[in-house]
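Input: a single structure, listed below in structure tokens.
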Protein chains: 2
Amino acid sequence: MKNITNTRGYMIGEMSRKTGVNIETIRYYERIAIMPKPDRTEGGNRQYNVEQLKRLFFIRRSRELGFSIAEIRALLEMVDQNDFSCSEVHDLTVVHLASVKEKVASLKKLEKALSTMIAQCNRGDVPNCPIVDTLFEMA
Amino acid sequence: MKNITNTRGYMIGEMSRKTGVNIETIRYYERIAIMPKPDRTEGGNRQYNVEQLKRLFFIRRSRELGFSIAEIRALLEMVDQNDFSCSEVHDLTVVHLASVKEKVASLKKLEKALSTMIAQCNRGDVPNCPIVDTLFEMA
DNA sequence: CTTGCATCTGTAGTAGCTACAGATCGTATA
DNA sequence: TATACGATCTGTAGCTACTACAGATGCAAG
């Protein structure tokens with residue numbers, strides 16, 4: 001039960017608590033190499049530093065914003081360059097925004113279609129269920 | 001090169017062409033048992049009937065409407081009953097609609113956040129990239 | 001020194017397909 | 001009838017982004 005940031009660094013559990021990223025997920029990020037291999041204690045436990053903590057925050061925030069791991073990998077590569085190009089980051093974000101908009105649009109279509117189906121159905125008082133009829137359509 | 005509906009039934013390729021469902025996906029649906037095991041030719045090729053074709057249309061349409069396989073399984077169980085209850089179908093659809101709405105809402109939030117980030121970035125003319133700054137936030 | 005939580009590795013599972021490889025089927029044509 | 005060639009077969013592995021174990025250790029407090 002220690003939240004102490006000791007001099008040796010953060011243990012994986014602390015990293016998890018601070019960022020909200022699951023421990024298993026942190027190890028997964030290491031395996032797919034978007035997080036670096038951290039130092040180890042003599043016993044073999046991971047010891048993270050502040051850099052790595054920031055990186056994990058970056059990843060979590062990016063995931064929250066819907067970036068895929070592949071996109072995050074690209075973002076991190078950009079950021080890892082000393083003199084990274086803001087316009088590359090900008091462009092990647094614009095592309096991502098476009099895909100989010102597309103998803104919204106297609107979900108809105110679903111929403112409309114489902115609403116219509118539901119509206120046509122008065123729950124069993126009709127001989128044929130209009131929802132089921134719609135689902136059987138060979139459109 | 002035949003589109004002939006022969007008396008024996010539809011081959012898997014015909015099913016695929018008619019419904020737009022990938023051949024491998026049709027076999028997958030059989031494996032997870034939302035499509036029945038069809039008859040076979042002497043040689044072992046699948047032979048589907050009209051019932052099964054309709055069922056596949058139903059599945060595809062439901063997928064298009066965003067229903068999960070689990071939900072589709074439930075829908076099919078309802079529909080498979082001779083005297084199925086329209087209100088069960090109704091309720092499942094309402095629940096699904098709610099989840100679609102939630103997804104729309106959360107994607108809209110993303111959209112807004114991403115738009116704001118992009119608006120703040122004038123592509124490299126700022127010392128620190130506002131997008132990257134946002135991503136590093138430890139919120 | 002023991003207790004007991006934290007962490008370790010490695011593997012397998014999730015959804016919903018998709019993509020092979022290597023073998024056989026089925027049929028149109030020579 | 002023989003053959004060629006596309007369609008289909010089975011079985012397995014891959015994809016995304018994790019999550020969930022099992023069984024073995026590490027580590028720190030009492």
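Here is how names work: the chains are called A, B, and so on, in the same order as the sequence lines, proteins then strands, and each is numbered from 1.
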- Message: Apply salt bridge (charged side-chain N to carboxylate O under 4.0 Å, His left out) to residues A:Arg73 and A:Glu77 and explain how you reach the verdict.
- Response: CA-CA 6 Å; A:Arg73 202 186 291 277; A:Glu77 267 169 38; 6.0 Å; no

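- In this structure, B:Thr41 reaches the C:dG26 phosphate: one of its side-chain N or O atoms is under 4.0 Å from OP1 or OP2.
- A donor-acceptor contact shorter than 3.5 Å is absent between the side chain of B:Gln120 and the backbone of B:Met117.
- Dashed line: the shortest gap from a side-chain N or O of B:Asn45 to OP1 or OP2 of C:dC25 is not under 4.0 Å.
- For C:dT9, the OP1/OP2 oxygens have a side-chain nitrogen or oxygen of A:Arg40 closer than 4.0 Å.
- For the pair B:Ile26 CD1 and C:dT18 C1', the computed distance is 14 Å after rounding to whole Å.
- OP1 or OP2 of C:dC17 has at least one side-chain nitrogen or oxygen of B:Arg63 nearer than 4.0 Å.
- Side-chain N/O atoms of B:Thr25 include none lying less than 4.0 angstrom from OP1 or OP2 on C:dG16.
- Each of B:Asn22 and A:Gly13 was assigned the nucleotide of DNA chain C with the nearest heavy atom; the assignment lying further toward the 5' end belongs to A:Gly13.
- Across all strands shown, A:Ile23 has heavy atoms under 4.0 Å from sugar-phosphate atoms exclusively, and none from any base.
- Nucleotides of DNA chain D nearest to A:Arg31 and A:Gly43 differ in position, and the one nearer the 5' end is that of A:Arg31.
- Side-chain to base pairing of B:Glu24 with D:dC9: no donor and acceptor N or O lie closer than 3.5 Å to each other.
- Between A:Tyr29 and D:dC18 there is a side-chain polar atom (N or O) within less than 4.0 angstrom of OP1 or OP2.
- In terms of heavy atoms, A:Pro130 sits closest to A:Cys121 at CG-CA, 3.9 Å.
- Taking atom OH on A:Tyr10 and atom P on C:dT7, their separation rounds to 15 Å, with Å as the unit.
- When the side-chain nitrogen and oxygen atoms of B:Arg27 are compared with OP1 and OP2 of D:dT10, none of them lie within a distance under 4.0 Å.
- For C:dT9, one of the phosphate oxygens OP1 or OP2 lies less than 4.0 angstrom from a side-chain nitrogen or oxygen of A:Arg46.
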